[in-house]
Amino acid sequence: MAEQYLDCLGEACPVPLVKTQNAIKDMAVGDVLVVGIDHTCAMKNVPDWARGQGYNVEIEEVGEGEWEVVIEKTC
Amino acid sequence: MEENKTIQPTLYERLLKKEWSYYAGAVMISILAITLFMFSGSTWGVSGPLTTWGAQFFSLFGVDASVWGANIDSYKFFGNTASMTDFGLLFGALISCLLAAEWKIRKIKHWKQFVAGALGGLLMGFGARFASGCNIGGLFSQLPRFSVAAWVFLIFVFLGATVGGKLLRFFMPPTSNKRPQRKRLTAEQRKRNRTIQIALGVALIVFFLIVAAVVAPTYPKAPYFIVIGLALGYVMQRSRFCFTAAYRDPTLTGETKLTRAVILAFALCTIMFFGFQASHVDLADPSTYPGNPINLSLMLGSFIFGIGAVLAGGCASGTFVRIGEGYVQNLIALVFFIFGSVFGNAITSRIAGSFMTAGSKVYLPAILGGNIPALIVQLLVLLGLWIAADKWEQRKRG
């Protein structure tokens, strides 16, 4: 149940999604990845992709236009 | 993480914060594009004014703009539709972002992002001039009008975006797993910030309505274009619409949701343009055909444009929208897009008439023997692409 943070602040699409995909690949089932994002488009495609993979996704707005996407690798 | 607390979104969140679906964006953008066409008589374009702005900039230093093949003497901001809709994209997105209380300056944190924005912008400027339009003016506005050149643009911009996706890893900032130190705001401070942003958003709306009213006596059509431009920016921001992603993501991330939304927009515009096309284009007279000629310049330009759009993190329209949202990387991209347009224009005005521009316009109904066959074929091809994109995403997910 390791938790890892991935800093994608200030990064434009598709960099956050590519980095998220790469990070998740190396994680074990049950691990949690927290992605820091401030790109509104990435805020849609990162959770979209993760949900499509069947992972648990939670989103917290930590500041104006800045979010943390919490992805649990469930499978 | 098995929490099931369902927080009901407030009315504010539902109206002004929650993002729209890509399909909703596609429908709205199609309707706005057609509305723009009805009011202005020409289709939506984005990259055109950039050459003029660049030439104006150089003329400040005494450079004769005609050297670059641009005419700035007759240019009037409120007399130029694309200039108004470009600013509309920027400020519409800004308003959308402020009303959602999500605006902030999105700084670049690594020099590679500067390089990506600058190089991407330059390539887009070059590409748009070689292809006589960006993916709005040369693709989105022309494909529904049965211009086969737009299909050629689509193929080459897709190839360019795929190459751009491969190059992207050289421009990605290094992966950092350190959580940035951030002062957590209290609930009260956040509420205050939110109120300020919403108030600014409302103030901007009022400001632009005043501008529209002030220029209306001199430029009777300008208010329409200001409002349509702002609406386009608002819709693109709210639905997170991105033309670049539509042809970049299938090969890069395997996602095709935006691809399918753009295909839907193509289909809707094809249907909405159909009556006009059928009644205004004379199949026997090629000079009435819409769109660009198919030539090497178009293929090269759309390919380069595709690479640039992926590196910069947005095409021409996307760049304006993201600047409105506060992205520094896209602002860099715009500056270099303008330079690229001016230099690209200087080159294309010299290669005119060479083998690069040898080619002619191809109009789908002319080669298929009628408007109805063209409509059916085009919609079937779009449907086929939509299904292929859907299958592609499922396959990529494994």
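Labels below follow one simple rule: chain letters A, B, ... track the order of the sequence lines, proteins then strands, and each chain is numbered from 1.
No part of B/N330 comes within reach of chain A, as not one of its non-hydrogen atoms sits under 4.5 angstrom from that chain. When heavy atoms are compared at a cutoff of 4.5 Å, B/K112 does not approach chain A at all. In this structure, chain B has heavy atoms under 4.5 Å from both the backbone and the side chain of A/L6. For B/R248, the part lying under 4.5 angstrom from a heavy atom of chain A is the side chain only. Heavy-atom distances place the backbone of B/S239, and not its side chain, under 4.5 Å from chain A. Heavy-atom distances place both the backbone and the side chain of A/V62 under 4.5 Å from chain B. Contacts between A/E61 and chain B at a heavy-atom distance below 4.5 Å involve backbone atoms as well as side-chain atoms. For B/K178, the part sitting under 4.5 Å from any heavy atom of chain A is the backbone (N, CA, C, O) and nothing else. Within the 4.5 angstrom heavy-atom criterion, atoms from both the backbone and the side chain of A/E11 approach chain B.
A/Q21 and B/T253 share no side-chain donor-acceptor pair at under 3.5 Å. Side chain to side chain, B/R238 and B/Y234 meet the donor-acceptor criterion of an N or O pair below 3.5 Å. At a cut-off of 3.5 Å, with distance as the only test, a side-chain donor of B/R260 or B/T256 sits close to an acceptor on the other residue.
Atom SG in A/C8 sits 9.5 Å away from atom CE in B/M172 (nearest 0.5 Å).
Each of B/C97, B/A245, B/A101, B/G313 has some count of heavy-atom pairs under 4.5 Å with chain A, and the biggest count is that of B/A101. Chain B forms more heavy-atom pairs under 4.5 Å with one residue of A/D48, A/V15, A/D38, A/N22 than with any other, namely A/D38. Of the listed residues (B/R169, B/Q113, B/H110, B/Q237), the one with the most heavy-atom contacts under 4.5 Å to chain A is B/Q113. Chosen from A/E68, A/Q4, A/M43, the residue pairing most often with chain B at heavy-atom distances under 4.5 Å is A/E68. Most heavy-atom pairs under 4.5 Å with chain B, from the set A/P14, A/G52, A/G54: that is A/P14. Counting heavy-atom pairs closer than 4.5 Å to chain B, the top-ranked of the candidates A/C41, A/G36, A/A23 is A/C41.
Taking the six-membered ring for Trp and thresholds of 30 and 60 degrees, A/H39 and B/Y327 have ring planes inclined between 30 and 60 degrees apart.
Annotation for B/I105: atom CD1 does not count as buried by contact number, only 12 or fewer foreign heavy atoms lying within 6.0 Å.
Between B/R240 and B/E325 there is no salt bridge, since no side-chain N of the basic residue sits under 4.0 Å from a carboxylate O of the acidic one. Look at B/E188 and B/R192 and you find no salt bridge, because none of the NZ, NE, NH1 or NH2 atoms lies under 4.0 Å from a carboxylate O.
Within the cation-pi definition used here (under 6.0 Å to the ring centroid, within 45° of the axis), B/R194 qualifies as a partner of B/Y12.
When each of B/F243, B/Y247, B/F241 is tested with B/F140 by the rule ring-ring contact (aromatic ring centres under 6.0 Å, His included), just one qualifies, namely B/F243.
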